[in-house]
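Written below as structure tokens is the structure these notes are about.
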2 protein chains.
Amino acid sequence: MSLRHGILGLLAEGPASGYDLSRRFNDLLTHVWPAQHPNIYSELTRLNKEGLVEVQALGPRGRKDYAITDAGLAEIRSWLLNVPTDHQWRSEPVLRSFFFWVLEPDDLEKYLASEFHYYDETAKRYRSYVGKAERNEYGTHPRAKSLRTAIEAAARYHEAMAGWYSWAAQQAAD
Amino acid sequence: MSLRHGILGLLAEGPASGYDLSRRFNDLLTHVWPAQHPNIYSELTRLNKEGLVEVQALGPRGRKDYAITDAGLAEIRSWLLNVPTDHQWRSEPVLRSFFFWVLEPDDLEKYLASEFHYYDETAKRYRSYVGKAERNEYGTHPRAKSLRTAIEAAARYHEAMAGWYSWAAQQAAD
DNA sequence: ACGGGCATGTAAGCGGTTACATGATTCG
DNA sequence: CGAATCATGTAACCGCTTACATGCCCGT
């Protein structure tokens, strides 16, 4: 359950409403930590009760801007340093690879080519984000440096998968 | 919901009991698709009702050996070819990286070093499995080739993550 | 005025984990 | 004979997703 820490982390950058957070999650975070709005709203209510965030301002349309509290900042720091990182890697693409042998060679080759294409394209997209980051298009706040680090991870991940599929296609051809 | 297909895939290799499947999931599949036994037993019952698997033999201690049916084989092939692959990549390590900027530089450096160590070690372990596979220590059945492909994915993934942490540590040092 | 996006919430359901529970068999 | 392992299951819970529901405000 890292959604609460995801929310706290985003709020550490500055106040935001549940709606804002929902958009940010389904924008830049969508590949590494998807989150739907019902979840975010209920988590915000819980965090508020625990004193880790507070309602900083009310806006139009019942908008509530939340800000992180000192306790919230302490909580996210403590999470990063003291809670062991969850290294779990649930990968349907790799699960599928265990069963490639049941497919006809022709079908397998087509499948591998299309998967390669997906990861290759996505990797290129992330590399273009890296370019933006290098040109400071995401600002110069310290968090921009972290964002750049995260983008690098996504780029490397997708490149690794593309490389793997390309390798697998060659193997399958023998 | 790929557990059912994971089960079907393993059963395509040969008959097995729920207990066998449970061990295999928490052995070689544990990094890419963890599964607990209650889940497996209930899924087997459901698959049996749907005619995708059948009880092939009864053993001691109430053991039930399941075998995949033709319908089951057709189902897993159809899944591999016709159901779009889920590319979702939920990564707590990368989620954390978005928030690195809230940490003190010293703490961050220590964190990055320990994470690098984990992925580097794990990558080496997978590379040693690659060696075993190359020496045919997992047999010569077609599925051994698929297993080797899956192991390659795990090796590349952990190498990519190790490389990323190493790169991040250098970035953080500036 | 009205359509589209802003904004928040509730309720139901689902996949997966954890805890609880039981008994048979094998091995030392 | 006792401990460890084999083997299957039920029940409760939890995080997350999907569907449903409501209303306000802004731009055209």
Side-chain angles (χ1 to χ4, degrees), chain A residues 1-8 10-11 15-27 29-50 53-66 79 83-84 86-92 95, chain B residues 1-8 10-11 15-27 29-50 53-66 79 83-84 86-92 95:
Chain A
M1 212 266 285
S2 306
L3 176 63
R4 65 188 294 109
H5 297 109
I7 290 173
L8 286 174
L10 289 182
L11 286 181
S17 69
Y19 190 81
D20 294 338
L21 292 171
S22 171
R23 275 207 328 242
R24 299 208 64 194
F25 266 101
N26 293 295
D27 182 33
L29 287 174
T30 198
H31 278 95
V32 299
W33 211 266
Q36 275 62 41
H37 75 266
N39 218 339
I40 291 169
Y41 286 119
S42 56
E43 191 63 48
L44 278 170
T45 313
R46 223 172 301 145
L47 287 167
N48 192 18
K49 271 182 200 143
E50 295 174 33
V53 304
E54 58 189 10
V55 179
Q56 195 220 26
L58 297 170
R61 281 170 284 212
R63 179 188 168 97
K64 290 182 214 163
D65 275 275
Y66 288 91
W79 173 63
V83 179
D86 180 5
H87 296 118
Q88 179 69 253
W89 175 49
R90 205 189 219 94
S91 170
E92 206 204 84
L95 175 67
Chain B
M1 214 265 285
S2 306
L3 176 62
R4 66 188 294 109
H5 297 109
I7 289 173
L8 286 173
L10 289 180
L11 286 181
S17 68
Y19 189 82
D20 293 339
L21 293 171
S22 170
R23 275 206 328 240
R24 298 207 65 194
F25 266 102
N26 293 295
D27 184 30
L29 287 174
T30 198
H31 278 94
V32 299
W33 211 265
Q36 275 62 42
H37 75 265
N39 218 341
I40 291 169
Y41 286 119
S42 57
E43 191 64 47
L44 277 170
T45 313
R46 223 172 299 146
L47 287 167
N48 192 19
K49 271 183 199 142
E50 295 172 34
V53 304
E54 59 189 9
V55 178
Q56 195 218 26
L58 298 171
R61 281 169 284 214
R63 178 186 169 99
K64 290 182 214 163
D65 275 274
Y66 287 92
W79 172 63
V83 179
D86 179 6
H87 296 118
Q88 180 69 252
W89 174 48
R90 203 188 220 97
S91 170
E92 206 204 84
L95 176 67

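By convention in this document, chain letters (A, B, ...) are assigned in the order of the sequence lines, proteins followed by strands, and residues within each chain are numbered from 1.
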Under 4.0 angstrom between A:Tyr41 side-chain N/O and C:dT8 OP1 or OP2: yes

Residues that A:Trp79 engages under ring-ring contact (aromatic ring centres under 6.0 Å, His included), provided they are two or more places apart: A:His5

Nucleic acid footprint by protein, nucleotides 17-27 of chain C - heavy-atom cut-off 4.0 Å, B for base, S for sugar-phosphate alone: BBB---BBBS-

d(CG, A:Asp20; C1', C:dT8) in whole Å: 13 Å

Residues in side-chain hydrogen bond (donor to acceptor under 3.5 Å, both in side chains) contact with A:Gln36, at least two apart in sequence or another chain: none

Residues forming a side-chain hydrogen bond (donor to acceptor under 3.5 Å, both in side chains) with A:Arg24, sequence neighbours excluded: A:Glu13

Rounded interatomic separation in angstrom, taking CG from B:Leu44 and P from D:dA7: 14 Å

Distance, rounded to the nearest Å, where A:Asp86 contributes CG and D:dG15 contributes C1': 13 Å

Length of the line joining B:Trp33:CH2 and C:dG16:P, which is rounded to integer Å: 6 Å

Sugar-phosphate only, base, or nothing, as touched by B:Ser17 at under 4.0 Å among non-hydrogen atoms: sugar-phosphate

B:Asp27 CG to D:dC6 P, straight-line distance once rounded to whole Å: 13 Å

d(CZ, B:Arg46; P, C:dG16) in whole Å: 10 Å

A:Tyr19 side chain near C:dT8 phosphate (N/O to OP1/OP2, under 4.0 Å): no

Side-chain heavy-atom pair B:Leu47, B:Leu11 within 4.5 angstrom cut-off: no

Pair up each side-chain donor or acceptor in residues 58-65 of chain B with any protein partner under 3.5 Å, not counting sequence neighbours, and list the distances.
| from | atom 1 | to | atom 2 | distance (Å) |
| --- | --- | --- | --- | --- |
| B:Arg63 | NE | B:Asp65 | OD2 | 2.9 |
| B:Arg63 | NH1 | B:Ser17 | OG | 3.3 |
| B:Arg63 | NH2 | B:Asp20 | OD2 | 2.6 |
| B:Arg63 | NH2 | B:Asp65 | OD1 | 3.2 |

Distance in angstrom units between B:Asp65 CG and D:dA7 C1', rounded: 11 Å

Euclidean distance, atom CZ of residue A:Phe25 to atom P of D:dC16 [Å, nearest integer]: 10 Å

A:Glu43 to A:Arg4 - nearest heavy-atom pair and separation: OE2-NH1, 2.7 Å

A:Phe25: partners by ring-ring contact (aromatic ring centres under 6.0 Å, His included), with sequence neighbours left out: none

